[in-house]
Amino acid sequence: MAGQLALLPTLPAQLHTPRVERLYLRPSAALHLRLQQPRSQQPQRAARRFQGRTAAAPRAEAAAVAEQPAVQEETKQSASTNGTNGSAARAAEPREGIDWDSLGFGLQHACKTQFLATCDGADGEWKGELQPYGPISLMPSAQTLNYGQSVFEGMKALRTAEGRIVIFRPEMNAARMASGAAKMLMPAPPQEMFIRAVQEVVRSNQELVPPAGKGALYLRPLLLGTGPLLGLGPAPSYTFVVYGAAVGAYFKGGQLDPINLLVEESFHRAAPGGNGAVKAAGNYSPVLRLQAAAKAAGFSDVVYLDAVHDRYLEEVSSCNIFTVSGKTIRTPALKGTILPGVTRSAIIELARSKGYTVEEGDVDITDALQADEVFTCGTAVVVCSVGSITYKGQRRQYGTENEPGKVTLELYEALTAIQQMQIPDP
């Protein structure tokens, strides 16, 4: 598949899935997914069956897509310049009446549809369909309500300046959900279903993808142990849902406004040997009390230290963290206590391609306080400059107040340009 594109027959010509290869897994051309024939934008009611329990590796997925009878291949250049073949549907324009310049990060503009699939038993097949966005019926004895068997993902669909709608590296999210599901003893949705579910939600809500540069359609794949039981154990049945909403900047000040972090000195988000690297629902609510207290005191969020030495940076409540000293960028290593972020991996490879030395290891809080810059990254926050860190009552200001750091801005602009297909993969 090197130098080729795999085209998926259920995706509109203007809805692509660019995979920035040097930020991803292999040094071949990007993967674009495209519909060869137009199809209705109405919710598809017929349930579809998907075999298999786990998401395959991304490389295997690309091969599986290429083997479909209806799939055709063309060069990266022709797909990028031509976009359509004359018979494909064009993406809908952004919805009128929405103030795209004032989007927050919430559900004010939620998708009208969701994809929902169920699996009876850990070894059963998945059956799913697109349906109107709405409540999910659960028994009070549902496993996820009592014991928390749940993992989720966060993704974004973006609109390019040419009007295409693109999804950044969905196979990586599918693989991470599969990894987390295995640790939670849950059957992961097959990768084909995961990607198709995301595509169908985007396709049926194209008008909620903001104009280029004004936000994104945030997508939330969610895997729940919904079957009822009383004693502790895995659920007898599972539900996979994908919903979404049009969003803007994650932090209140705006995308490029630096944030102010408070170092938590007593509570630890995760411990060695635990599930800190899993995007499990139960890993997030325990920080709400600390996060709320920090925001009440004027901080944007909380950064946590390791549970063993109480001195090394781990991550912020919902994103990874990096420090910059000259041409060296450092970030905490993946040791099972922090999330292996999709954006994190992209930033590491992008920074290296730009000549920076990137080190993954222990990042002492005292070293972080002496760094030239600090920034965070994640699907929701993208890349966000840290304006200050407060530790033991002492505030360390970075750079010029209310202005993003130079390296942070460089990486943010490069990453978002690649995600929106404005510049080629370096």
Side-chain angles (χ1 to χ4, degrees), residues 147-154 172-186 188 221-223 250 259 261-294 299-324 328-349 351 358-369 371 374-381 383-384 386 389-392:
Y147 302 112
Q149 199 177 25
S150 170
V151 295
F152 67 96
E153 281 297 318
M172 203 163 185
N173 293 95
R176 187 171 64 181
M177 174 169 276
S179 176
K183 294 177 181 178
M184 300 287 286
L185 201 59
M186 307 173 73
L222 178 62
L223 179 61
Y250 183 79
I259 60 174
L261 299 178
L262 174 65
V263 178
E264 172 54 37
E265 300 177 34
S266 60
F267 178 87
H268 298 96
R269 177 189 170 275
N275 261 6
V278 177
K279 203 169 179 65
N283 282 342
Y284 291 81
S285 290
V287 307
L288 295 179
R289 175 180 58 85
L290 302 166
Q291 190 181 56
F299 297 98
S300 307
D301 212 330
V302 178
V303 60
Y304 301 91
L305 302 177
D306 75 290
V308 177
H309 305 285
D310 205 27
R311 60 182 288 188
Y312 299 116
L313 295 182
E314 291 264 278
E315 62 182 10
V316 185
S317 299
S318 58
C319 46
N320 297 115
I321 191 166
F322 290 74
T323 66
V324 182
T328 299
I329 298 176
R330 304 181 65 199
T331 191
L334 300 179
K335 298 181 179 180
T337 57
I338 66 173
L339 193 69
V342 174
T343 308
R344 174 189 180 276
S345 66
I347 287 296
I348 289 174
E349 295 306 318
V358 181
E359 299 176 354
E360 299 179 70
D362 293 335
V363 182
D364 197 300
I365 179 59
T366 58
D367 294 334
L369 294 174
V374 176
F375 65 87
T376 65
C377 74
T379 298
V381 306
V383 180
C384 187
V386 174
I389 291 181
T390 298
Y391 177 56
K392 294 186 180 297

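Counting from 1, the numbers follow the sequence of the chain as shown. Below, each value reflects all heavy atoms present in this structure, side chains not excepted, and no hydrogens, waters or symmetry copies. This one's a predicted model, so the numbers in the text were calculated from it and none came from an experiment.
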Stepwise side-chain contact (heavy atoms from CB on, under 4.5 Å) check, Val363 with Phe322: CA-CA 9 Å; Val363 182; Phe322 290 74; over 6 Å; no
Side chain to side chain donor-acceptor pair (under 3.5 Å) involving Tyr312 - partner list, sequence neighbours excluded: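 Partners of Tyr312 by the side chain to side chain donor-acceptor pair (under 3.5 Å) criterion come out as none, since no residue qualifies.
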For Thr331, side chain to side chain donor-acceptor pair (under 3.5 Å) partners two or more places apart: none
Stepwise side-chain contact (heavy atoms from CB on, under 4.5 Å) test for Met177 and Ser179: CA-CA 5 Å; Met177 174 169 276; Ser179 176; over 6 Å; no
Set of residues satisfying ring-ring contact (aromatic ring centres under 6.0 Å, His included) with respect to Tyr304, sequence neighbours excluded: none
Under the ring-ring contact (aromatic ring centres under 6.0 Å, His included) test, residues paired with Tyr250 that sit two or more places apart: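 If we apply the ring-ring contact (aromatic ring centres under 6.0 Å, His included) test to Tyr250, skipping adjacent residues, the hits are Phe105.
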Worked check of side-chain contact (heavy atoms from CB on, under 4.5 Å) between Leu313 and Val303: CA-CA 7 Å; Leu313 295 182; Val303 60; 4.0 Å; yes
Pairing residues for Cys319 by the side chain to side chain contact (heavy atoms under 4.5 Å, CB included) criterion, not counting sequence neighbours: Val316, Thr376, Val381
Residues 277-286, side-chain donor-acceptor partners within the protein, below 3.5 Å, at least two apart:
unit_1	atom_1	unit_2	atom_2	d
Lys279	NZ	Tyr284	OH	3.3
Asn283	ND2	Asn275	O	2.7
Asn283	ND2	Val278	O	2.8

Test item: Arg269 side-chain N/O and Glu315 main-chain N/O as donor-acceptor pair under 3.5 Å: no
side-chain contact (heavy atoms from CB on, under 4.5 Å) between Asp362 and Lys335, worked out: CA-CA 10 Å; Asp362 293 335; Lys335 298 181 179 180; 2.8 Å; yes
Heavy-atom side-chain proximity of Asp367 to Thr323 below 4.5 angstrom: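 No; the side chains remain at least 4.5 Å from each other.
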